[in-house]
Amino acid sequence: MADADRKDTQEQAEFRAYCRDWLTNNKPGQPPVRIPLGALELSDPAALQWLQVWQKSAFDAGLVGCDYPVEAGGGGRNNCQTIANQEMQRAKTPFFPNIIGLGMAAPTVLFHAQEDTKNALLPRLFSGEDIWCQGFSEPGAGSDLANQQTFAEKRGDSWVINGHKVWTSLAHFANWMILLCRTDKADKYNGLSYFVVPIQTAIGKGVTVRPLIKLTGETGFNEVIFEDLVVEDKYRLDAVGAGWKVAMTTLSHERGAGQLVTPSAGGMTQDNTKGANTSSPSALIELAKTSYRNGKTAADDPLLRDEIIKIMIRQEAFRQNQRRALVPALIDHPMRIPLQNKLIGTEFNQDLAEIAYDIQGAASSLYLNDENAPGGGEWQLAYMNSFGVTIAAGANEVQRNILGERVLGMPKSK
Amino acid sequence: MADADRKDTQEQAEFRAYCRDWLTNNKPGQPPVRIPLGALELSDPAALQWLQVWQKSAFDAGLVGCDYPVEAGGGGRNNCQTIANQEMQRAKTPFFPNIIGLGMAAPTVLFHAQEDTKNALLPRLFSGEDIWCQGFSEPGAGSDLANQQTFAEKRGDSWVINGHKVWTSLAHFANWMILLCRTDKADKYNGLSYFVVPIQTAIGKGVTVRPLIKLTGETGFNEVIFEDLVVEDKYRLDAVGAGWKVAMTTLSHERGAGQLVTPSAGGMTQDNTKGANTSSPSALIELAKTSYRNGKTAADDPLLRDEIIKIMIRQEAFRQNQRRALVPALIDHPMRIPLQNKLIGTEFNQDLAEIAYDIQGAASSLYLNDENAPGGGEWQLAYMNSFGVTIAAGANEVQRNILGERVLGMPKSK
Amino acid sequence: MIEQPKNFGFGEDETMLRDSAKKFFSDHCSADKLHRQVAGNPDIHRNIECIWDKGLWQQITELGWTAACVPEAAGGIGMPLVAALALAEEAGRAAFPSPLISTFNTTFVLRECNSAAANDVLAEIAGGKPMSLAITNQQGSWEPTDTDVSIDKGQLNGTAWFVQDARKAEGLVVSARSAAGVGLYYVAADAAGVAIAADGIIDLTRDQAHISFTGVTAVEVAAPGAGDVALAYALPAIQAVIAADMVGAGEWLLQTTVEYANTRVQFDRPLGFFQAVKHPLVNVMLDIDRAKSLAYSAACAIDSDPERQEWANTVKLAHMAKANASDMAVFASSRAVQFHGGIGFTWECYVHLFFKRQMHNQMLFGDARYHRAILADMLIGQAA
Amino acid sequence: MIEQPKNFGFGEDETMLRDSAKKFFSDHCSADKLHRQVAGNPDIHRNIECIWDKGLWQQITELGWTAACVPEAAGGIGMPLVAALALAEEAGRAAFPSPLISTFNTTFVLRECNSAAANDVLAEIAGGKPMSLAITNQQGSWEPTDTDVSIDKGQLNGTAWFVQDARKAEGLVVSARSAAGVGLYYVAADAAGVAIAADGIIDLTRDQAHISFTGVTAVEVAAPGAGDVALAYALPAIQAVIAADMVGAGEWLLQTTVEYANTRVQFDRPLGFFQAVKHPLVNVMLDIDRAKSLAYSAACAIDSDPERQEWANTVKLAHMAKANASDMAVFASSRAVQFHGGIGFTWECYVHLFFKRQMHNQMLFGDARYHRAILADMLIGQAA
């Protein structure tokens, strides 16, 4: 389904033309270093910096935050972010590095922060000058998110925070964190509050960021430890005790089920970034045509052909699901498709990369540090990384609970 | 794996020779009517009668109950039932009709009944003269077996039984029932007691048997309603309140995990019984070689070939599991393999028959009443019937709980 | 690049038609009533029957359902294919016994014939005459060029197999081979030389037959060499409509099973508490949504592209829709029976009606593996 | 009909050997120690290393492991193959970094060569010399007749790919083609003209290389035309041994994940309470048991049938064992990471060591689909 296969409003059509024009004349060029598959895999500061420059130029051109209010640095448009996203995809631009800021922090700040805080933070968030991270997970609060132990204590006009966050992607680069924590130990859900916290300026002064190493060998996420960090009350979002409600705004956007469309660029092929595009079945077909498995071309194996087609059907269905989700006459429950997206998307990527193992046969043993690895070893890396997302943001087991309970109306499983 | 691929004890070797000799000289001959796939599908009295004659002749020859005590009608041998079973399988005999008697009632009666009751009941059970059924399931007690509502009240020396049993296979033919019921409403597990009940003689006098129709259109199981049925106390097994423990003896044998090997004949090919042997991958291959699917021979389709091989691997693994289960050095937990058998066996049959649908293509629409149906439509019948066993005797969801809890030591899921 | 409507072309008219279908089925075709109608005789060796309610068919035709997708030029309403899909989806949700789907499929084929004779038949369909296709050979091939019927000197001879709703149809479109290729021919179901031999099928909501033609005089609706082309052009619409029927039936199975799981208590909890029940049902839902999105996108692609400029994309979407829907149909049926437990295994539980319809649907016009194999050749290229 | 022992031939000697292996690994190769040993440098672009403990290898050879399956005539102990399986299973359970499996595989090939030269090499294996096979071409073919190495005038030229434990092996058995067919040749790993180019592999417990031979003088252990035959006869043993390694590693993954699920609390319950965790782990167990039963039955069939009277059955069992074990390895690994949650995604959690070994194992000597395709030709017959 091509981008233009939609009928635009007049505002959208004009904006689309503008975007296309701007993107034609403002190509980000070749990166000076290897760009990873996504923002969550960023570990090289040089890669980050190059991507930040790109995000800022896109923001300055009005392609980021299009539907946000003007006073918060947005474009004040209606349903135009999706147009900008389509055009950036079409132009095969690099992705935006401030993914957590754009996808989770921005809508949460918009809907729940005080006016001053909002207008102070959002422009630098959109431009990518500030990188954001998310302080939700804790050693004892993974899928059971409400089990927060990090504690914020009110002292005078400020809050003093102590606790331990884990799996914090991008914390090693982040200026700001969205933080869910406990303010009342007596009430699991109503005892939570939500803050935005300037962490980079506080490193060594109540904040410690320690890198965690993934099973792939990459860094990219972190532990963040708070020891008597003092945070001003103006950085609290919504009421004390309303943290769970605010977190739901964050999570609904994370799951693609929020009110606002996340600014997202991408589509730059891995040809440009020195590796395979491991989220694309077309790239898998290319791999199959050039890989030998047990001495034969993998693309000729009827069983692997069937696996590839199965996954292509899932990809096409995912696209058509997004399209149908916008047609009220053809959906029974407004959240039925949006709440599926995280589950479907992450399992798609996992299964796609798993097929690549069988396609490569013996060569699937090879990794990024082997010059003979098909596709540079990126498929194996992608398979391992795929578990990050089937686990994170509510493991997929929890996503299935959510769908069964909220959409199908079944009783809670816990 | 052929039967002889085992080293027999001397007793076993002699008994094997005896069985083989007897079976060579005592062939049951051709049935006069269609014999269904298994005893639980019996609905034609003529088929039952023919099978009863066969069971009695096998019992008279000493091939049934070989390892039971002589005074209970058994052969008093050691580990010889498995030899008789192998030889009956090899001789492709018909199955035994009294399957619930042999597989569930007999060991339960042996281990828990009073001596007189035991010796009175078992010989006619082994001979097949008495057919047995099982009164466990109720409308509100399926997988949750302990939720029994049928109530037995002690009045003088007897018990008065009221309640409603369902899914009772063979009740329409049965003389006896093993009955689990409640004797104390205050204690879920310790409030159960276990009886053997002569139901056929009580029909119209406290017992009503009503046929239930399966989704296949076949009859074969029933509702049994008790209204003030009076049962003598000698028919109680084990103590009042010990019903759950007694039921575990029944269930462990039903799951193939009991102390005693169930007498079982079988292997008579469906060629002799006017239909396909729908529990055999070889028969599936025959079907594939003679079926057209979308205009092509199904056996040439690489995807169906792979499905057939997958199921053949499961079949071979099941056989080799049984063999390994008897080698203490190669098993970690004594119940690990036996407790898998019900689950694996029933899903094997379901998946086997499901493949037959794709093999037959358009002709999979045809049923037993169509002369052009491949394999006489028996595969479609087998697929539908397969749900009977993935549901019955503790749905497979419950079987997986049992394995996770008893073998892997995981916490209870309920 | 063809511009497609944002809403799949599913506008107010289509929504009204669909909503009236919903009301029609809820008024006239409850599962309870359906069971009394078609499941009266469970006997496994019963005589082969053909049970449907012609009165309801009359009402349907008056509501314009058969005319919906007949072009205006042929006396129909000329609605887009997505309208037929909505009707098929509702029919599937009710497991409706009728020749509706067969008549739709015949419509799609005739629309591709571009002949006056075809338009005459289309006009009869618009007027409410039920029709079916007799285009499948004994080996169950869905290829447009395969047929066991031949035509010579205007007379049909041979047998067509797996004809759907054969005893409900009043007219048949038959594919037949001559030296010049495969053509399509119209015959009345009661014409001389037409012998309908009913099949004993599992699905209680349909009838099926093999039909032998012995010197049957027929009207040519597509010339030899043009008939298989017309069939090929109609196949994506046929696949999408059957997928929609499966989506409707799948949704009935899902919702009915969810309802049962929410009320049936075991171990002091409703079944739906247990993830062993909940998660597979969520997977059924995912499968249904995929199938539905693909089916409507295929239909919309057909509707949006009358010149077939992007025909390969249309064909792809339709194969994907049928493949996905077939797998879904098997899975949804199997889980519905399993999670209904003992009651699901009985004739009195309505689940079996839908189970059997889905197993029939999944093979109709090709099962999932068949469509994926075609897609593999399209999207990966022929294997060496 | 060959009579097979009831206990798979797994008697007292084999049990003792296995139990001593269990003790050895528990004393010397805890997961904790292993991680410190092989996972010191997580850098994704790290230099290619080959980490193993030669001291432990020395102990193993003293315990007689390498001699176990060398025939007595060649200076070995002559134990049945099931003994090697038990050692492989324990090695897999410890994810033991060593050339044990490669040396076993080389032993199985040399046993089929029936030459004095082969027996000389077997004697060296019995004495503790680690060996490996260089028999795979660049296209990763597992067929005995495929090789990229040629031999002419007693000299090897060409490259062998995917050589396991290449930098641990002191000797290599190389398959090479000449006009007369494929033969097998022994060369010392440090012979002139042998260039070992290490591969950057994911599995941290192995090393792998492609090895080029330039005018290397070699000792013939199987003549041209006999080498591929010897390889074909050795393959079932090789497949069974690798399956056993996977069974051991799978069991470690299962038990470790069960333990984690029983202690990790979420939503006020241990994870293992949830059927979404419990049932997949039960499925992992079923898969492991299938693979284990098939592997030991294949080994027992080889042990029981030296004359190869029922060779087709042996070949079948070995293909089944490897196919089942490969699928199990992928599934068990994937569920172990998933159910360990965030911690399972970290380098510090030992699960990744086994995950990576299993993904390597699953392709080694053919993945599941490869073996099933061969079985299809054997058991169904060639497709038209």
Side-chain angles (χ1 to χ4, degrees), chain A residues 1-8 281-282 284-285 288-289 296-297 299-302 304-310 312-314 316-332 336-337 340 343-344 347 396-397 399-405 407-414, chain C residues 1-8 10-12 14-15 18 82 86 251 254-255 258-259 261-262 269-275 277-279 281-283 285-286 289-294 296-297 300 304 313 316-317 319-321 323-324 327 368-369 371-373 375-377 379-381 383-384:
Chain A
M1 181 58 42
D3 320 327
D5 290 353
R6 310 276 188 284
K7 282 205 180 121
D8 291 334
S282 316
L284 194 69
I285 292 176
K289 287 185 172 172
K296 293 183 185 141
T297 303
D300 292 340
D301 184 298
L304 290 175
R305 291 164 69 84
D306 197 52
E307 292 303 323
I308 293 170
I309 294 301
K310 277 185 195 162
M312 292 183 84
I313 293 175
R314 285 161 64 184
E316 185 67 45
F318 185 82
R319 284 191 203 132
Q320 300 298 345
N321 267 350
Q322 303 321 306
R323 189 176 164 203
R324 183 161 65 84
L326 305 174
V327 186
L330 293 178
I331 49 172
D332 294 334
R336 181 161 158 168
I337 288 174
Q340 295 174 15
L343 182 65
I344 292 181
E347 293 183 353
N396 283 4
E397 290 76 14
Q399 300 294 329
R400 285 194 161 80
N401 279 351
I402 291 172
L403 282 161
E405 292 157 18
V407 177
L408 293 176
M410 302 180 83
K412 280 194 184 296
S413 284
K414 57 210 184 198
Chain C
M1 190 80 65
I2 303 288
E3 189 150 333
Q4 296 198 2
K6 277 194 176 189
N7 63 353
F8 293 89
F10 202 84
E12 278 182 35
E14 291 74 21
T15 305
R18 194 263 317 270
V82 289
E251 190 72 23
L254 173 64
Q255 296 300 342
V258 164
E259 203 173 304
N262 285 352
R269 300 199 181 263
L271 281 189
F273 165 86
F274 297 103
Q275 290 174 325
V277 173
K278 178 185 286 175
H279 288 197
L281 288 174
V282 166
N283 290 343
M285 174 173 74
L286 302 182
D289 280 319
R290 276 191 274 260
K292 183 165 179 172
S293 295
L294 288 168
Y296 280 91
S297 72
C300 177
S304 311
N313 184 52
K316 178 191 85 172
L317 288 168
H319 283 301
M320 285 183 166
N324 198 130
D327 275 347
R369 289 192 185 87
H371 289 286
R372 290 200 304 265
L375 285 165
D377 289 347
L379 303 177
I380 305 176

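This structure is a prediction, so every number in the text was calculated from the model and none was measured.
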Residue, of N283(C), N324(C), T15(C), that accumulates the most heavy atom pairs under 4.5 Å with chain A: N283(C)

Option that, when pairs with chain A are counted at under 4.5 Å, heavy atom only, ranks first among M285(C), R290(C), R18(C): M285(C)

Does [X] reach the side chain of [Y], with side-chain heavy atoms less than 4.5 Å apart?
X       : Y       : value
K316(C) : E316(A) : yes
R372(C) : I313(A) : yes
L375(C) : M312(A) : no
V327(A) : K6(C)   : no
L286(C) : R314(A) : no

Return the [atom1] to [atom2] distance between [X] and [Y], rounded to the nearest 0.5 Å.
X       : Y       : atom1 : atom2 : result
K412(A) : R269(C) : NZ    : CZ    : 13.0 Å
K278(C) : L408(A) : NZ    : CG    : 9.5 Å
L294(C) : R319(A) : CG    : CZ    : 10.5 Å
H279(C) : L403(A) : NE2   : CG    : 9.0 Å

If you count heavy-atom pairs under 4.5 Å with chain C, which of [options] comes out on top?
options                            : result
S282(A), S413(A), A325(A)          : S413(A)
A329(A), P281(A), G404(A)          : A329(A)
K310(A), R336(A), E405(A), Q340(A) : R336(A)

Cation-pi, F8(C) ring and R323(A) (6.0 angstrom, 45 degrees): yes

Given that the side chain runs from C-beta out, which part of [X] has a heavy atom under 4.5 Å from chain C: side chain, backbone, both or neither?
X       : result
I344(A) : side chain
I285(A) : side chain
D332(A) : side chain
L326(A) : neither

Contacts of A299(A) that satisfy side-chain contact (heavy atoms from CB on, under 4.5 Å) - sequence neighbours left out: A288(A), K289(A), T297(A), I380(C)

Segment of [X] engaging chain A (4.5 angstrom heavy-atom cut-off):
X       : answer
L254(C) : side chain
E14(C)  : neither
F273(C) : both
A261(C) : side chain
A323(C) : side chain
E251(C) : side chain

Closest non-hydrogen atom pair between [X] and [Y], with its separation:
X       : Y       : result
G409(A) : N262(C) : O-ND2, 3.0 Å
P411(A) : G272(C) : CG-C, 3.7 Å
R400(A) : V282(C) : O-CG2, 3.4 Å

For R305(A), all residues meeting side chain to side chain donor-acceptor pair (under 3.5 Å), sequence neighbours excluded: D377(C)

Side chain to side chain contact (heavy atoms under 4.5 Å, CB included) between L330(A) and V82(C), intermediate numbers included: CA-CA 11 Å; L330(A) 293 178; V82(C) 289; over 6 Å; no

